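Report on the structure given below.
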Amino acid sequence: MPVTTRSIRGSGVGRFPAVTLGFGEDTEEEKEVPEESNSVKENACRRWLRKVCPCCCPKPNEDDITNTLVTGTDDKEDGKNGEKPETGDSELDGNWQLRELTIVLFINQSHCRPRERLHPHIFVFVFTELLLKVRSIDLMKSKSGGNRTEHHTNLYQRDDFVIRRGQTFQMWITLSRPFNPSTDKLHLQLKTGPLPSVSKGTLVTIPLVEELEDGRWEAAVVRQDDKRIMLSVNSPPTAAIGRYQLTVETHCANGQAVSNHDPANDIYLLFNPWCEDDAVFMDSEVERQEYVLNDIGRAYYGTENQIGERTWNYGQFDDGILAACVFVLEKSGTPPSGWGEPVNVVRVISAMINSPDDGGVLEGNWSGDYSAGTSPTAWSGSVEILKQYHKNSGSPVKYGQCWVFACVVTTVLRCLGIPSRTVTNFSSAHDTDVSLTTDVYLDENLEPIDYLNADSIWNFHVWNDCWMARPDLPPGYGGWQAVDATPQETSQGTYRCGPASLAAVRNGQVYLKHDAPFVFAEVNSDKIYWQRNIDGTFSQIFSEKQSVGHFISTKAVGTDERNDITHLYKYPEGSEEERIAVETACSYGSKAQAYSSPTAKDVTIEVTMDGVGPEMGRDAELTIVLRNSSSEQRRLTLHSQVAVMYYTGVNKSTVRKDRTDWNLEYKDYKDQLIDQAALMLTLSGRVKETQQVLATQFSFRLRTPDLIIKPIGKPVVGEKMAVEISFTNPLPQVLKAVVFHVEGLGLLTARKINYGDIGSRASVSLIEHFVPTLPGPRKLLASLDCKQLTQVHGVADITVGDKSNGTL
């Protein structure tokens with residue numbers, strides 16, 4: 001006889017709904033009772049069937065045998081093409097809605113009454129899941145994958161998901177069931193900062209669209225594979241950079257679901273110099289390779305006549321540096337909503353790399369006593385500094401001076417995606433009163449008045465250039481911008497400087513923000529000498545118009561050569577354009593009326609030095625040249641003074657005065673030198689016949705020897721090798737408590753070697769073993785530090801072969 005089919009289309013929720021099929025009403029006896037410990041456990045399906053047909057499905061014991069066949073909605077012969085369903089708990093838990101299912105039951109006859117020995121029932125149900133849920137997210141963040149390669153972030157040494165704004169990326173989402181675009185909805189949500197806000201762009205909802213459009217947060221399904229969908233996601237080129245938390249929200253007819261936040265899926269969003277619509281866009285690929293992707297650079301120091309250089313490990317891609325850079329931003333307490341503007345980010349970094357007012361990365365120290373930390377000359381890279389700051393939860397690292405501040409800024413800006421470079425200005429002025437002049441005050445006898453001479457000229461000063469558009473300024477002022485993290489003067493109440501447009505500085509347009517007056521004075525201020533009168537007033541007696549801002553230097557693109565970029569900061573000295581720029585700038589200064597008209601001069605003074613200059617431990621010889629361009633005899637009285645200087649131009653001590661022959665012996669300076677071994681000769685005088693005043697200052701340094709680094713063994717990834725570091729003490733005295741510092745990206749992490757004492761004029765060498773971790777051209781850096789001698793360093797080029805083939 002044909003079987004009877006009953007179709008139930010209900011909306012009950014749960015494993016199986018409690019429904020009445022018309023076979024009878026529930027009774028009290030049929031209510032579920034707690035199972036005894038020795039009873040056979042029933043699954044949910046059997047319990048529901050027993051309630052529907054108690055005659056066919058009595059409470060089981062261990063001898064019961066029930067066969068259940070599940071078919072489709074078509075009426076088929078009993079038992080054909082059926083499959084046994086799983087009878088335990090399954091995915092049905094709380095997530096499924098009963099729709100339609102055909103169940104054919106044949107009950108063991110031993111449980112049926114005689115007139116019901118064959119009692120088949122067919123019920124038809126369908127189950128559909130209530131919610132569309134996210135099972136997993138795959139951001140495809142492998143360093144060798146398409147996302148990070150196309151975003152130029154494959155050099156970052158962690159498997160974090162690092163991308164650049166204004167560019168699409170792909171991701172996979174695995175769902176609990178296939179995605180139906182006609183009935184299902186899905187969007188991504190990103191949030192950053194402590195108080196995410198939609199209006200401020202720190203709480204972002206990314207909708208699904210049919211086709212992506214540039215300049216906005218959007219996502220589109222580009223591929224579907226059963227329960228998996230691939231999304232192509234686009235970000236605007238103005239999005240705030242930083243670390244975003246990612247979640248996925250789904251909607252369907254039965255409700256919504258939100259995925260849990262997984263820190264492994266956090267997204268680091270960076271500036272994008274490859275995106276034309278990004279404010280930091282740089283159209284030259286070789287410059288992007290240098291100013292964004294190069295993790296090795298050079299810093300210059302010394303004097304304009306003796307330019308020294310040292311190699312620096314920026315290490316912006318090293319493990320943990322990106323997290324440390326984001327930590328620096330977060331530590332600043334500035335709102336993340338402002339981190340989409342590179343001008344804002346650069347000002348934050350300029351403030352946060354120094355520590356006086358915000359607990360930033362580095363504590364400056366120019367005292368010569370570094371016993372409580374690390375001597376500034378001992379650092380060779382930024383990695384150790386930033387990791388220490390991050391590890392210690394924002395406790396400033398001791399100690400830094402200008403080149404250390406600048407090199408760390410280069411690391412942070414390049415890490416965040418802003419093109420940047422380290423820049424050195426020789427004979428760099430420090431204007432303390434916004435006069436845009438460098439003022440030297442002399443008494444009635446032409447002796448310097450120390451307590452009034454607050455302005456100074458540093459032998460060298462190191463800061464940064466960074467590349468960006470300047471929509472906050474008139475057209476034409478984008479491009480390179482000067483930024484300085486060394487704490488000298490405050491800007492809007494905080495120790496920071498810049499970004500100042502180099503175009504504005506060059507033209508003397510010091511009224512354009514940020515901090516253009518200070519930068520202009522550093523590179524192009526006139527040096528004015530004032531003499532105290534009997535009544536206590538001061539008269540301008542002399543000015544030098546070409547004493548500031550020489551040989552402004554940075555590492556050249558693609559090579560280790562020095563690139564002179566003075567022309568970007570100022571017109572040629574003495575040209576009409578340069579004089580106009582100076583007059584324009586000074587008209588906005590605090591001493592706008594200080595300039596006197598040019599005076600006739602027929603006597604000039606010049607100081608020269610032979611060759612590359614004197615060596616540490618040797619006597620120093622300079623030549624003073626006086627020229628008389630008139631046809632008459634000239635007589636003058638010349639005063640001289642030589643002083644040991646901090647490289648900042650601050651006088652430490654005078655070692656000799658008023659000597660006509662100029663030969664400085666080692667015994668004169670050996671107990672006075674500090675840090676950069678810098679000295680300054682000051683000359684002043686007056687021509688008796690014309691009362692012409694002559695004055696000049698000449699800075700020089702005593703050159704220190706280099707460390708010689710010689711690789712030993714074949715450099716191959718994963719195989720042990722060594723280097724020999726050699727050094728000769730140039731001083732006729734013992735070097736006490738010598739410490740060597742060695743490091744190299746991809747070669748070895750920073751090491752500190754306590755060597756001990758090195759005898760007078762003695763030569764020493766040491767062997768250091770390590771195992772290279774990255775292939776390709778690498779640089780190993782070493783420095784020596786002790787109380788008697790600083791600024792000793794060396795570098796070796798090492799090309800590491802890949803272990804797979806051993807090639808170099």
Side-chain angles (χ1 to χ4, degrees), residues 300 342-343 346-347 349-351 353-354 402-403 405-406 409-410 413 418 420-439 455-468 470 472-474 476-492 494-527 547-554 564-571 573 577-578 580-591 648-649:
Y300 299 92
V343 171
V346 163
R347 282 184 70 73
I349 297 303
S350 172
I353 299 305
N354 64 66
C402 71
W403 69 93
F405 289 112
V409 168
T410 299
L413 295 186
I418 299 177
S420 58
R421 61 191 183 189
T422 304
V423 174
T424 301
N425 178 38
F426 292 95
S427 296
S428 185
H430 179 183
D431 176 25
T432 59
D433 58 2
V434 201
S435 65
L436 283 81
T437 59
T438 303
D439 301 306
D455 290 353
S456 60
I457 297 180
W458 300 21
N459 288 345
F460 71 96
H461 181 47
V462 188
W463 63 72
N464 300 87
D465 284 347
C466 56
W467 182 271
M468 67 183 68
R470 289 299 300 270
D472 57 325
L473 300 182
Y477 293 93
W480 288 115
Q481 316 285 316
V483 57
D484 193 347
T486 301
Q488 299 175 86
E489 303 294 331
T490 60
S491 171
Q492 295 178 324
T494 301
Y495 280 102
R496 59 185 170 188
C497 180
S501 168
L502 265 59
V505 171
R506 190 171 190 248
N507 290 288
Q509 293 164 319
V510 295
Y511 48 84
L512 297 175
K513 59 184 181 182
H514 291 277
D515 306 313
F518 186 83
V519 177
F520 178 88
E522 287 182 306
V523 301
N524 206 15
S525 60
D526 286 349
K527 189 173 185 178
S547 61
V548 168
H550 300 156
F551 299 101
I552 304 176
S553 305
T554 190
D564 192 304
I565 58 172
T566 307
H567 63 285
L568 297 181
Y569 279 86
K570 58 198 295 189
Y571 291 102
E573 292 282 11
E577 295 92 339
E578 188 263 347
I580 292 174
V582 171
E583 292 173 10
T584 300
C586 290
S587 66
Y588 293 92
S590 62
K591 295 180 180 178
T648 59

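This one's a predicted model, so the numbers in the text were calculated from it and none came from an experiment. The chain is numbered in sequence order, starting from 1.
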Determine whether [X] and [Y] make a side-chain contact, defined as any pair of heavy atoms from C-beta on separated by less than 4.5 Å.
| X | Y | value |
| --- | --- | --- |
| V548 | N524 | no |
| S428 | W463 | yes |
| V409 | S420 | no |
| T422 | W403 | no |
| I565 | R421 | yes |
| N459 | F426 | no |
| K513 | R470 | yes |

Taking the side chain from [X] and the backbone from [Y], do they hold a donor-acceptor pair closer than 3.5 Å?
| X | Y | value |
| --- | --- | --- |
| R496 | S491 | yes |
| T424 | Y300 | yes |
| Q481 | G479 | yes |

Does Y511 have its ring centroid less than 6.0 Å away from the ring centroid of Y588? yes
Quick one: do I580 and N507 satisfy side chain to side chain contact (heavy atoms under 4.5 Å, CB included)? Show the steps, please. CA-CA 8 Å; I580 292 174; N507 290 288; over 6 Å; no
Would you please test E489 and D431 for side chain to side chain contact (heavy atoms under 4.5 Å, CB included) and show each step? CA-CA 9 Å; E489 303 294 331; D431 176 25; over 6 Å; no
In terms of relative ring orientation, are W480 and W467 parallel, tilted or perpendicular, with 30° and 60° separating the classes?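 Plane angle over 60°, so perpendicular.
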Shortest non-hydrogen contact from [X] toward [Y]:
| X | Y | result |
| --- | --- | --- |
| C497 | D515 | CA-OD2, 3.3 Å |
| K570 | V523 | NZ-O, 2.7 Å |
| D526 | V582 | OD2-CG1, 3.9 Å |
| S456 | T438 | O-CG2, 4.3 Å |
| T437 | S435 | OG1-OG, 2.8 Å |
| M468 | C466 | CE-SG, 3.6 Å |

Nearest-0.5 Å distance that lies between atom [atom1] in [X] and atom [atom2] in [Y]:
| X | Y | atom1 | atom2 | answer |
| --- | --- | --- | --- | --- |
| Q488 | C402 | CD | SG | 8.0 Å |
| T490 | Y495 | OG1 | OH | 6.5 Å |
| L436 | T584 | CG | OG1 | 11.0 Å |
| I552 | N425 | CD1 | CG | 4.5 Å |
| I457 | H550 | CD1 | NE2 | 9.0 Å |
| F405 | D484 | CZ | CG | 9.5 Å |

Step-by-step side chain to side chain contact (heavy atoms under 4.5 Å, CB included) determination, L473 to S501: CA-CA 9 Å; L473 300 182; S501 168; 4.1 Å; yes
Sequence neighbours excluded, the answer for ring pair (Phe, Tyr, Trp, His ring centres under 6.0 Å) partners of F518 is H430
Exercise: do [X] and [Y] side chains pair donor with acceptor under 3.5 Å:
| X | Y | value |
| --- | --- | --- |
| R347 | T494 | no |
| N464 | T410 | yes |
| Y569 | D465 | yes |

Is the Lys NZ or Arg CZ of R506 less than 6.0 Å from the centre of Y571's six-membered ring, within 45° of the axis? yes
I'd like to know whether T486 forms a side chain to side chain contact (heavy atoms under 4.5 Å, CB included) with H461, so could you lay out the CA-CA distance, the side-chain angles of the two residues, the decisive distance to 0.1 Å, and finally the verdict. CA-CA 9 Å; T486 301; H461 181 47; 3.6 Å; yes
